[in-house]
Each structure stands twice: as structure tokens, then as C-alpha cells.
Amino acid sequence: MSLEKSLRRSRWRLLTENRDLSLFLSASLVSQTGDWILDTGMAFQVYLLTHSTLASAAVMLATQIPQVVLGSVAGVIVDRHDRRRMMIGTNVISALVIWPVALVQDSGSVWIILVVAAVTNCVSPFFSSAEASLLPGLARRPENFVTVNALHAQVRNVARLIGAALGGILITVGGLTALAVADTASFLVAAVLVVAIRHRLASTPTRRTGLLAEWRAGLAIVRHNRVLLVLAAFFLLRGVGEGAMGTLFAPFVNDVLGAGGSVYGAILAAQAIGGIVGGLVITLAGRRASPRRLFAWGTLAFGILDLALFLYPLIDASSWPAVLLIAVVGVPGAALNAGMLTLFQSTTGDLTRGRVFGLLVSAENATMLLSTLLAGTLAGSVGIIPVISTQGVVYVLTSVIALTVLSRRRRSGGVLVSEPV
């Protein structure tokens with residue numbers, strides 16, 4: 001039997017013999033598809049009602065600020081409670097608070113969308129930390145981490161591809177009411193699937209020292225672990241790049257490539273498809289590489305391809321290279337994410353993983369918020385290409401940090417010997 005067939009069979013066995021993992025991935029697929037349906041349709045509807053980029057920016061801020069403020073606090077609270085119950089509760093709460101968007105009829109009631117976006121993103125950090133903390137336990141063994149993380153990334157990209165397409169259709173056919181119904185249903189179905197998960201933590205916290213003390217403990221864990229310090233640098237820098245990308249990608253397609261909405265949609269679809277293919281590649285072959293190599297070299301390849309994507313229009317402004325490059329970048333993207341998550345899971349314990357994850361995500365959202373606020377202004381003065389290319393630069397910089405700091409050290413005859421990543 002070929003190695004590829006053996007790996008494929010191993011992946012299939014992992015899903016069929018691990019009921020809890022299959023339920024978790026199914027819940028993630030359903031819930032995130034609903035999120036993409038709502039986000040895609042809502043963003044379109046806000047601009048349609050207001051014809052204001054400021055209103056669109058306000059929605060983005062309403063989603064980001066709660067993540068910055070509550071991210072690390074949510075992680076501490078998640079560590080105190082059953083992660084499965086936390087996921088169930090956050091799904092049910094999200095289903096309840098989505099409904100008011102159906103009341104939006106004109107530009108005067110767009111404020112309702114802002115409130116709903118803010119409230120749902122107050123709940124989101126609790127779900128994200130619980131999800132990140134629960135997944136390693138479902139993988140059962142550390143050698144499964146890379147495969148499970150790659151599968152989870154595939155689920156995210158499939159949800160993005162399906163949800164974005166459905167969001168556009170539903171907003172056209174049924175308006176915001178259809179979006180609210182679809183997203184509510186997705187949250188409730190996801191909650192039911194998580195209810196069926198049997199996994200529980202092997203141990204629970206025996207003593208609580210207060211939120212601030214536990215938050216500081218999480219910070220100390222990051223500060224004294226070089227792997228987590230590298231991941232913290234990655235999250236901070238990635239936030240800078242993602243903020244610039246999120247703000248300027250549509251102007252890049254429209255103003256730099258001179259393309260319309262159809263090309264923009266094709267590029268987004270190619271990005272999701274590339275992520276799905278990349279996840280499949282890493283799922284099949286990821287066990288051959290260490291998480292350090294997947295993270296470091298995946299980040300470098302991602303950064304180089306990203307720079308190629310944003311700089312090639314200086315030579316030729318055709319749109320087809322953008323579709324090709326953003327699809328190809330899915331492979332290193334899947335590699336770096338699988339490696340990054342595996343490093344995180346392997347260097348954190350069950351009882352503190354939530355607070356560490358919350359700190360990392362909160363830091364990323366803080367730099368993303370700052371980058372979002374600055375990107376539009378800077379693009380007006382120095383141009384779209386230099387600012388949006390920041391994303392590629394920060395990935396290359398992170399890879400240099402990872403290749404330098406994460407080189408293994410082993411003892412040989414009492415002497416420390418460096419092992420390159």
C-alpha cells in the first residue's frame with residue numbers, strides 16, 4: 001500500500017472511529033457557514049442602504065472592538081468551565097441575539113446591525129477560546145494534531161465558500177430576514193451537535209485566584225516559553241497584515257487591477273478553494289513534517305506568494321495572476337496554520353489553554369484594529385500597493401523570527417548542538 005493511501009485511510013479512520021471529533025467538525029461547519037451567510041449578506045445590505053463606506057467601516061469596528069476588549073478575559077473564564085457547555089451556551093445566545101437584524105428596513109435603522117454585530121462579537125471570544133481548548137482533547141494523541149488542525153482548516157474554508165455564496169443569494173431573495181433565519185438555524189444545529197459530544201476534561205481547576213491573577217498567569221506562560229513568544233509575535237504581526245488586507249483588498253481589485261465585482265468574487269472563491277486543497281495536502285502529508293517546519297517554511301512561502309500577488313500589477317495589471325496566486329497560497333497557508341496550532345496545542349495545558357489563546361487572539365485583534373484605522377489613510381497618501389503589501393512583509397518577517405528562534409537544540413556528548421528548523 002502506498003504511503004498516500006495509508007495516510008488517506010488513516011485520516012478516514014480518525015473521523016469514523018472518533019465520533020466526538022466528527023461531531024465537532026460538523027458543528028464547526030454548520031456554525032461557520034451561518035456566520036459567512038450573515039457577514040456576507042449584512043455587509044452588502046449595509047452599503048446598499050447607506051451608500052456609505054463609513055457605515056461599512058463602523059460595522060467592522062463593531063466586530064473588532066469587542067474581540068480586543070474581551071478576548072483575553074474570555075480565555076480566563078473558559079479555563080474555569082466545561083468547554084463543551086461553553087460552546088453550547090454561546091451558540092444558543094448567538095441564535096437569540098441575531099433576530100433584530102430582520103427589523104432593519106432603511107438607513108435610519110442600520111444602527112440595529114451595529115448593535116447586533118457588537119453583541120454577537122462579545123459572545124464570539126468565549127466560543128473561540130472554548131473551541132481552541134476543546135479540539136486537542138478530541139484529537140486524543142499529539143501525533144494527530146497536525147491532521148486534525150488541517151481538517152479543521154478545511155472545514156473553515158468549505159464554510160467560507162458555501163456561506164459567502166449563500167449569503168449573496170439569500171440577501172437578494174429574502175433580505176435580512178432570510179439571513180437571520182439561516183444564521184439562527186445554523187447556531188441551533190451546531191449547539192445540538194455539540195450536545196452530543198461526550199468528551200470531558202480529565203481534570204478541572206482546583207483553586208481560583210481571581211480573574212486578574214489568572215490573566216497574569218497566562219501572560220507569564222507566554223513570556224517564559226519561546227515557542228509561545230514566537231506565536232505571539234506572529235499573531236501581532238498577522239493582525240497588521242490582515243487589517244491592511246481587509247481594508248484594501250476590494251480597492252486593490254477595483255482600482256489597481258481595474259476589475260469588477262465578478263473578478264472580486266472569483267478571487268474570493270479561488271482563495272477558499274485553495275485553502276480546501278491546501279488543507280487536503282497537509283492532511284495527507286502533514287505527518288511527514290514537524291510542526292516547526294510547517295509553521296516556519298509555510299509562513300515564508302505564504303509571505304513570498306503574498307508579495308507576488310500584490311506586486312505583480314506593477315508589471316502587468318491582468319487579473320488572472322491574482323486568481324492563480326491566491327489559490328496557490330492556500331497550500332502554505334494550510335501548512336502554517338496547522339503547524340502554528342499544533343505548536344500552540346503542544347506547549348499549553350488543558351487547564352490554561354483558553355487564557356493563552358485569548359491573549360494571542362486579543363493581541364491580533366488589537367493590531368488589526370489599528371491597521372484597519374490606518375490603512376485607508378496611508379493608502380491615500382502612499383498608494384494601495386505599498387500598504388497592502390504589508391501583509392506579505394509581516395509574514396516573511398515572522399518566518400525569519402521562527403527560523404531563528406525555533407531551531408531545536410539537542411545534547412550530543414554534553415554539548416548543545418543546533419538543529420535547523
Side-chain angles (χ1 to χ4, degrees), residues 64-83 86-87 122 124-137 139 142 145 149 200-240 290-292 295-296 299 336-337 339-370 394 397-411 416 421:
Q64 289 179 339
I65 291 174
Q67 301 271 357
V68 175
V69 175
L70 293 175
S72 57
V73 176
V76 174
I77 294 173
V78 163
D79 282 339
R80 293 179 164 202
H81 301 281
D82 183 278
R83 283 73 187 271
M86 185 69 71
M87 290 177 66
C122 286
S124 179
F126 295 89
F127 175 85
S128 299
S129 292
E131 183 183 49
S133 300
L134 181 63
L135 184 57
F145 283 176
N149 289 325
R200 303 291 188 277
L201 280 180
S203 57
T204 56
T206 57
R207 187 168 65 93
R208 295 178 181 177
T209 57
L211 284 176
L212 182 58
E214 291 172 24
W215 181 86
R216 286 174 176 168
L219 193 62
I221 291 170
V222 175
R223 191 169 62 245
H224 294 107
N225 187 301
R226 66 173 181 169
V227 173
L228 292 177
L229 282 174
V230 171
L231 294 184
F234 170 73
F235 275 80
L236 282 165
L237 291 170
R238 184 171 69 172
V240 174
S290 73
R292 297 168 187 252
F295 174 61
T299 304
L336 78 88
N337 276 301
M340 177 268 293
L341 288 171
T342 301
L343 288 173
F344 162 73
Q345 293 159 350
S346 302
T347 52
T348 53
D350 277 343
L351 301 183
T352 57
R353 189 171 286 126
R355 72 193 69 176
V356 174
F357 182 80
L359 282 166
L360 296 178
V361 173
S362 185
E364 179 181 26
N365 279 288
T367 54
M368 188 185 300
L369 179 60
L370 179 62
V394 298
L397 178 60
T398 302
S399 72
V400 173
I401 295 172
L403 289 167
T404 303
V405 179
L406 294 184
S407 58
R408 289 180 180 271
R409 289 177 172 244
R410 61 180 175 84
R411 288 194 172 272
L416 283 175
V421 174

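Just so it is clear, the model here is predicted, and its values are computed rather than measured.
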Of all residues at least two apart in sequence or in a different chain, which pass the side chain to side chain contact (heavy atoms under 4.5 Å, CB included) check with Thr348?
-> Leu228, Phe344, Arg353, Val356
Nearest 0.5 Å, what's the CD1-CG distance between Ile221 and Leu359?
-> 9.0 Å
For Val73, the side chain to side chain contact (heavy atoms under 4.5 Å, CB included) test, sequence neighbours excluded, returns Ile77
Would you mind reporting whether Phe145 and Ser346 have side-chain heavy atoms less than 4.5 Å apart?
-> yes
How far does CD of Glu214 sit from CG of Leu351, to the nearest 0.5 angstrom?
-> 10.5 Å
Residues Arg80 and Leu211: closest non-hydrogen pair is NH2-N, 3.5 Å
Please list, chain by chain and in numerical order, all residues satisfying side chain to side chain contact (heavy atoms under 4.5 Å, CB included) with Ala217, sequence neighbours excluded.
-> Arg355
Supply the atom-to-atom distance Phe295 CZ to Leu403 CG, rounded to the nearest 0.5 angstrom.
-> 9.5 Å
When rounded to the nearest 0.5 Å, the distance separating CE of Met86 from CD of Glu131 is 13.5 Å
What pair of heavy atoms forms the shortest contact from Ser362 to Ser72, and how long is it?
-> CB-N, 3.7 Å
Counterpart residues, ring-ring contact (aromatic ring centres under 6.0 Å, His included), relative to Phe127 (two or more places apart) | none
Could you tell me which non-hydrogen atom of Ser399 sits nearest to which non-hydrogen atom of Ala296, and how far apart they are?
-> CB-O, 3.6 Å
Heavy-atom closest pair, residues Arg226 and Val405 = NH1-O, 3.1 Å
Mind listing the closest non-hydrogen atom pair of Ala74 and Ser129 along with its distance?
-> C-OG, 4.4 Å
Where do Arg83 and Val78 come nearest, in terms of heavy atoms and distance?
-> NE-O, 3.3 Å
Value for CG (Asn365) from CD (Gln67), rounded to nearest 0.5 Å, stands at 5.0 Å
Return the set of residues passing side chain to side chain donor-acceptor pair (under 3.5 Å) with Asn149 (not counting sequence neighbours), or none when no residue passes.
-> Thr342, Gln345
Mind checking what makes side chain to side chain contact (heavy atoms under 4.5 Å, CB included) contact with Leu370, not counting sequence neighbours?
-> Leu374
In Å, rounded to the nearest 0.5 Å, how long is the span from CD1 of Ile65 to SG of Cys122?
-> 10.5 Å
Among Thr367, Val394, Thr398, Leu360, whose side-chain contact (heavy atoms from CB on, under 4.5 Å) with Leu236 holds?
-> Thr367
